[in-house]
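So you know, we letter chains A, B, ... as the sequences are listed, proteins then strands, and number each from 1. All of these numbers come straight from a predicted model, not from anything done at the bench. Hydrogens, waters and symmetry mates play no part in the numbers below; they use all other heavy atoms, side chains included.
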Number of protein chains: 2
Amino acid sequence: MTTVPPGTKAEPCARIERGQGCGVERCGLCEARAVSICNAIEEDQLSELARATTVVELAPGEVFRNEGASPEYLFNIISGSVKLFKLLADGRRAVIGFLTVGDFIGFGRPDAVPCSAEALTNVRLCRFERGKFRVLLETYPKLERRLLAVASDEVAAGQEHMTLLGRLTADERVARFLLARAEASQRLGGSSKDLELPMTRSDIADYLGLTIETVSRVFTRLRRKELIDYKTARSVTLQDRPGLLAISEGG
Amino acid sequence: MTTVPPGTKAEPCARIERGQGCGVERCGLCEARAVSICNAIEEDQLSELARATTVVELAPGEVFRNEGASPEYLFNIISGSVKLFKLLADGRRAVIGFLTVGDFIGFGRPDAVPCSAEALTNVRLCRFERGKFRVLLETYPKLERRLLAVASDEVAAGQEHMTLLGRLTADERVARFLLARAEASQRLGGSSKDLELPMTRSDIADYLGLTIETVSRVFTRLRRKELIDYKTARSVTLQDRPGLLAISEGG
DNA sequence: CGTAAGATTGACTCTATTCAACCACGGTGG
DNA sequence: CCACCGTGGTTGAATAGAGTCAATCTTACG
């Protein structure tokens, strides 16, 4: 089991910021607009949206949201990848999910952030101050509706993951993980065969409820069976999708 | 591992129904009103709410919502207990959660119900037809805001449970389960020491990602250590809360 | 009272973990 | 340029925690 020595990676946060003054066009030109909740807001009201946001840039490893803290900010990911995680008192870690372009960070109880967030790659975030975000929600019912739909989706995704953690074998978990990655990649216009994994084996292990060693062993087993292939650990090719699917379903 | 033979318990559903005609007062007198999302709707508009709902009564074991089906109805629990679960192709089961008075059933993707729902006890449900519910949401922004808060909470609770499933030992899981039950009982005005468990050991096992045998062994171990006590399997007394808490945290 | 479903307990097995060694790669600095 | 180091990844051997199989007990109920 990977354990994290207490007091690691609590880096300051928020290296570079671009002010709000970039004009009305910023949100209209946003690379993430097509896939983010912001597209619930009409073109002609984007200036108001832009005024409520700040763009933040992060380097890999930066933690920008801390479990237990008061939720001052909400975020939309403009580019890059992020992981959400929880730490136990003794250092055990659970990775809750991996997020990318268009994903929203901000659900949870109103009093405390449910899990920490860390940049896996260089990341650009669109940051909302909580109060301003609330005003936006009240002003744009469409945005609220959209957000409810996203939260509702997330509930379902969470239930799916609980099933994986509670009832699947290591092989099944890894196979599902790879297939889910492929789907996510495809959804963003990427390849559904060649995957770039922005996370380490340790992240994957903590996400799947396994150890690094087990994840590694399953990867090599899948490679030996020629279901996948890879030269570096981070870029994997899915060679036999049906085979992976079979394994993911307990074949 | 408990496995479910395919085609079990797919009982018809919805035994008794009370029509919509019970008048304006029904929602005002509802036992669950204080703790359900309906309290986002003002007193003087309850008649409209009542017109959108049907009360349904179920016996233990009845499945009233099926994973994968189209979500025709949404529910609020008026009384009784319900479990949500998912089945794998080979019969493995994951119990996603246990719900009671005031809880809302209806999150998920718009196209398919994320998990099945079964009555654990006699249950009274308040049923919303999907279309009518949507109209309600559009009519009462407060209701929508409330629902977003509930969904957001549920996301956080799900993350908590993922951590349990991914990273806790059997003892920790059971201890946490009992403490969570105690809290839930207290929240509804019940005892936080004497618990009535509406679910079987098998349900608990599928909820905690364990087997019946392991759950049973942990229960007896906790009893031998005098952290809990019980005469029947279904009614447990928490004798040493701090002790349980210590175990739940890896003590 | 007899039956069936649920719960407990024991003996054994096995999957995934732990512990440990080793390898590969990328960046740094002499 | 290359040696060095650290991080991340792989692999092997031994271990343990939970699972499986099976027998027995308990309880609820017709």
Between [N] atom [atom2] and [X] atom [atom1], what is the distance in whole Å?
X: A:D171; N: C:dC14; atom1: CG; atom2: P; value: 16 Å
X: B:I247; N: D:dG17; atom1: CD1; atom2: C1'; value: 16 Å
X: A:I212; N: C:dC19; atom1: CD1; atom2: P; value: 13 Å
X: B:L168; N: D:dG17; atom1: CG; atom2: P; value: 15 Å
X: B:L120; N: C:dG6; atom1: CG; atom2: C1'; value: 14 Å
X: A:L164; N: C:dA16; atom1: CG; atom2: P; value: 12 Å
X: B:D203; N: C:dA5; atom1: CG; atom2: C1'; value: 13 Å
X: A:E213; N: D:dA16; atom1: CD; atom2: P; value: 16 Å

Examine [N]: is either OP1 or OP2 under 4.0 Å from a nitrogen or oxygen in the side chain of [X]? Give yes or no.
X: B:R234; N: C:dG6; result: no
X: B:Y230; N: D:dT27; result: no
X: A:T211; N: C:dA16; result: no
X: B:R223; N: C:dT8; result: no
X: B:T214; N: D:dG19; result: yes

Checklist entry - Taking the side chain as C-beta and beyond, is there a heavy-atom pair between A:V236 and A:F219 under 4.5 Å? => result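 With C-beta onward as the side chain, the pair touches.
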
Checklist entry - Are A:I212 and A:V215 close enough that some pair of their side-chain heavy atoms sits under 4.5 Å apart? => result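 They are not in contact (no side-chain heavy atoms under 4.5 Å apart), so the answer is no.
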
Next on the checklist: Just by distance, no angles: are the side chains of A:S248 and A:R173 close enough, under 3.5 Å, to form a donor-acceptor pair?
Outcome noted: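 Checked: A:S248/A:R173 side chains show no N/O donor-acceptor pair below 3.5 Å.
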
Next on the checklist: Please tell me whether A:S192 and A:R241 have a donor and an acceptor in their side chains that are separated by less than 3.5 angstrom.
Outcome noted: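 Distance-only check passes for A:S192 and A:R241.
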
Within the 4.0 Å heavy-atom criterion, would you say [X] contacts the bases, only the backbone, or no part of the nucleic acid?
X: A:T232; value: nothing
X: A:S216; value: base
X: A:R173; value: nothing

Checklist entry - Passes salt bridge (charged side-chain N to carboxylate O under 4.0 Å, His left out), A:R124 versus A:E31? Steps please. => result CA-CA 10 Å; A:R124 296 190 67 199; A:E31 324 152 47; 3.4 Å; yes

Of the nucleotides [options], which has the atom closest to the [X] side chain?
X: A:R201; options: D:dA22, C:dA7, D:dT10; answer: D:dT10
X: B:L210; options: C:dT9, D:dG9, D:dG19; answer: D:dG19
X: B:T220; options: C:dT9, D:dT10, C:dA7; answer: C:dT9

Checklist entry - Which sits closer to the 5' end of DNA chain C, A:K231 or A:A170, going by the nucleotide each is nearest to? => result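 So the residue in question is A:A170.
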
Next on the checklist: So, under a plain 3.5 Å distance rule, would you say the side chain of B:R217 forms a donor-acceptor pair with the base of C:dG10?
Outcome noted: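 Looking at the base of C:dG10, it does pair with a donor or acceptor on the side chain of B:R217 (distance under 3.5 Å).
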
Item to check | Output field: ring centroids A:F64/A:F75 closer than 6.0 Å | outcome: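 Aromatic pair counts; centres sit under 6.0 Å.
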
